[in-house]
Protein chains: 2
Amino acid sequence: MAHDSSRLADFLPYLMSVTTNAVSDMIAGEYRARFGLKIPEWRVMAVLGDAGPQTQRSLVGATRMDKVAVNRACKVLEDRGLVARSPNADDGRSHHIELTAAGKAVHGEIMPLALDMERRLFASLSAAELKDFKALLARITARVAELEGADAPKELTR
Amino acid sequence: MAHDSSRLADFLPYLMSVTTNAVSDMIAGEYRARFGLKIPEWRVMAVLGDAGPQTQRSLVGATRMDKVAVNRACKVLEDRGLVARSPNADDGRSHHIELTAAGKAVHGEIMPLALDMERRLFASLSAAELKDFKALLARITARVAELEGADAPKELTR
DNA sequence: GCAAACCGGTTGCACTAGAAACCGATTCGA
DNA sequence: TCGAATCGGTTTCTAGTGCAACCGGTTTGC
């Protein structure tokens, strides 16, 4: 289908981008169609369902999303009645966010679908290949963090 | 640093997204800082420098970008005098787009930097691991295309 | 040879995502 | 204890991205 005589087609960051976008678009489409949820919203629900109630701050760490993105996702989920905020007695600035009964029900539907999609997407990879692939991703991420620290000596690592 | 007790941290599409974004952000920052180029613009220059003059249409295929993104990138590059458009005698609707002398000079600086960054980013991977990693990405991309064809029976594959 | 369909390219518009400014609450230091 | 710095969270502003409608030019079918 593609001619791809260009070296761009061998540039690894480009290949990663193409593959990841393809995977993300597919998953995003599925969630939107079946639950009307976007990926940020889904991520928040996944973390809340698995790790229990927590503040937006800790969701930022767990999802690696921007705090604005987390805030917006929480607001949407709250408006839909999937999560609820209760005041934090220890710290008046933040709230605890937790799944409602409806949210838990959706979470119970969503996670099997997620795992099934993951299984279907990566069905052609052996268990060993999957393991290696994850390990490589982790190493690359660590390497980027390392380089960022070195390349940006005067600013925060974000 | 991270606690990550959540299953989200094992969800492969999420891991791919985190890693790819880290790599992309790093590269985008580098190009912006050194050349004032964004990734779409850089991609167009890479293809033009490697595969020679061509139409926007063929750039869309080579870069896998939206035709609007290609168009805007070309316009920016043209305004900076890095590419030039010459009328296409065969088809009055399109032009041939090619690097100018200045564009070729920038391309000559940009490609070594790109390859150097690639080398630094993936220095911790052996040649064999790199090869396997690329092969896995290709297989996953192919798999997504396959599933999209199956899952979207009534609409275009986009 | 002309109207309709089509195609490359362009423009306009809605939506998303991140940056920075902002607010109330909390902590730190003199 | 009081003022400054900090922090969690929210709002606002702006840049980027993709879709859809659009415009000229080209091909197709009658």
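This structure is a prediction, so every number in the text was calculated from the model and none was measured. Per chain, numbering begins at 1; letters A, B, ... match sequence-line order.
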Report the distance from atom [atom1] of [X] to atom [atom2] of [N], rounded to the nearest whole Å.
X: Met65(B); N: dG9(C); atom1: CE; atom2: P; result: 13 Å
X: Asp25(B); N: dG18(C); atom1: CG; atom2: P; result: 8 Å
X: Gln56(B); N: dG8(C); atom1: CD; atom2: C1'; result: 8 Å
X: Arg32(B); N: dG18(C); atom1: CZ; atom2: P; result: 14 Å
X: Lys38(B); N: dA15(D); atom1: NZ; atom2: P; result: 10 Å
X: Ile97(B); N: dG9(C); atom1: CD1; atom2: C1'; result: 10 Å
X: His96(A); N: dG9(D); atom1: NE2; atom2: P; result: 10 Å
X: Ile39(A); N: dG18(C); atom1: CD1; atom2: P; result: 12 Å

field: Steps toward side chain to side chain donor-acceptor pair (under 3.5 Å) verdict (Thr19(B), Thr141(A))
entry: CA-CA 5 Å; Thr19(B) 302; Thr141(A) 303; 2.7 Å; yes

message: Quick check on DNA chain C: between Arg57(B) and Arg93(A), whose nearest nucleotide comes earlier from the 5' end?
response: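 Its nucleotide being nearer the 5' end, the pick is Arg57(B).
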
Taking NZ, NE, NH1 and NH2 as the nitrogens, is one of them in [X] or [Y] under 4.0 Å from a carboxylate oxygen of the other?
X: Glu78(B); Y: Lys75(B); result: no
X: Arg34(B); Y: Glu109(B); result: no
X: Arg7(A); Y: Asp10(A); result: no

message: Is the distance from the ring center of Trp42(B) to that of Tyr14(A) below 6.0 Å?
response: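 No.
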
- request: Verify the contact: side-chain N or O of His95(A) to OP1 or OP2 of dT10(D), cut-off strictly under 4.0 Å; return yes or no.
  value: yes

message: Among residues 67-92 of chain B, which ones have heavy-atom contacts with DNA chain D below 4.0 Å?
response: Val68(B), Arg72(B), Asp91(B), Gly92(B)

message: Show every ring pair (Phe, Tyr, Trp, His ring centres under 6.0 Å) that has at least one partner inside residues 91-111 of chain B, sequence neighbours left out.
response: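 Checked against ring pair (Phe, Tyr, Trp, His ring centres under 6.0 Å) - neighbours excluded - no pair reaches residues 91-111 of chain B.
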
task: From the options dG18(D), dT26(C), dG8(C), select the nucleotide whose nearest atom is closest to the side chain of Asp66(B).
output: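 Of the candidates, dG18(D) comes closest.
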
query: Are a donor atom and an acceptor atom from the side chains of Thr55(A) and Ser94(A) found within less than 3.5 Å of each other?
result: no

